[in-house]
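Chain letters run A, B, ... following the sequence lines, proteins first, then strands; residues in each count from 1.
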Amino acid sequence: MPPDFDRKVIALLLALPPGRVTTYGALAEQAGYPRHSRHVGRLLSHLPDGVSVPWFRVLGAGGRISRPGSEQADWQRLLLEEDGVELSAAGKVDLRRYGWPDAHFCSKKL
DNA sequence: ACTTTGACCCGCT
DNA sequence: AAGCGGGCCAAAG
């Protein structure tokens with residue numbers, strides 16, 4: 001895995017406008033490594049310190065929050081709402097509405 | 001070198 | 001709705 005993978009993912013994340021969200025799969029794909037969704041997860045779980053990343057804007061496929069029940073999931077939900085993102089009772093996000101503008105699953109462009 | 005472990009994903013019960 | 005199995009691939013033990 002080239003060193004720039006991490007860098008790219010971070011950059012993409014920083015470029016993501018507030019109030020919008022993306023997914024592990026989409027990040028991996030846009031970083032040039034399709035099917036590497038897990039690696040994005042692993043990256044975010046061991047975040048290089050010194051970089052402040054809006055990790056909470058990263059969701060699982062279909063707009064699901066990862067590791068439901070975990071402490072981070074609760075935080076994520078809170079932070080997202082603070083961003084103005086609506087969550088269903090099940091804690092899911094409508095990607096068509098809040099998804100990454102360039103992503104296929106998003107219908108609401110910039 | 002081999003095995004286990006993920007902040008994953010998809011399709012099928 | 002919820003669980004299972006298989007696929008995925010790098011990192012850590």
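For dA7(B), one of the phosphate oxygens OP1 or OP2 lies less than 4.0 angstrom from a side-chain nitrogen or oxygen of S45(A). Between R67(A) and the phosphate of dA7(B), there is a side-chain N or O to OP1/OP2 separation shorter than 4.0 Å.
Comparing dG13(C) with dA1(B), their C1' atoms are spaced 13 Å from each other, to the whole Å. Nucleotides dG7(C) and dA7(B) place their P atoms 22 Å apart, quoted to the nearest Å.
For the pair W55(A) CH2 and dC8(B) P, the computed distance is 13 Å after rounding to whole Å. Nucleotide dC10(B) holds its P atom 11 Å from the CZ atom of F105(A), rounded to whole Å. Protein atom NE2 of H46(A) is 11 Å distant from nucleotide atom P of dA11(C), rounded to whole Å. The interatomic distance linking D6(A) (CG) with dC9(C) (C1') rounds to 14 Å, in whole Å. Atom CZ of R38(A) and atom P of dT5(B) are 12 Å apart (whole Å). The nearest whole Å value for the distance from the CD atom in Q72(A) to the C1' atom in dG6(B) is 13 Å. In this structure, CG of L27(A) is placed 13 Å from P of dC8(B), rounded to the nearest angstrom. Atom P of nucleotide dA11(C) and atom CG of L44(A) are separated by 15 Å, given to the nearest angstrom.
Remark: of the listed residues L59(A), T22(A), V93(A), V93(A) is the sole one forming a side-chain contact (heavy atoms from CB on, under 4.5 Å) with Y98(A).
Under the 4.0 Å criterion applied to side-chain N and carboxylate O atoms, R97(A) and E86(A) are assigned as salt-bridge partners.
Among the nucleotides dA7(B), dC9(B), dG6(B), the one closest to any side-chain atom of H39(A) is dG6(B).
Between the side chain of R96(A) and the backbone N or O of C106(A) there is no donor-acceptor pair closer than 3.5 Å. No side-chain donor-acceptor contact under 3.5 Å links K92(A) to the backbone of R64(A).
Using a 4.0 Å heavy-atom distance criterion, H36(A) is classed as a sugar-phosphate-only contact.
Take the nearest nucleotide of DNA chain B for R42(A) and for G62(A): the residue whose nucleotide is more 5' is R42(A). Both P34(A) and K92(A) lie close to DNA chain C; mapped to their nearest nucleotides by heavy-atom distance, the more 5′-ward contact belongs to K92(A).
A donor N or O paired with an acceptor N or O is not found under 3.5 Å between the base of dC8(C) and the side-chain atoms of R35(A).
Looking at heavy atoms from C-beta onward, Q72(A) lies in side-chain contact with R67(A) at the 4.5 angstrom threshold.
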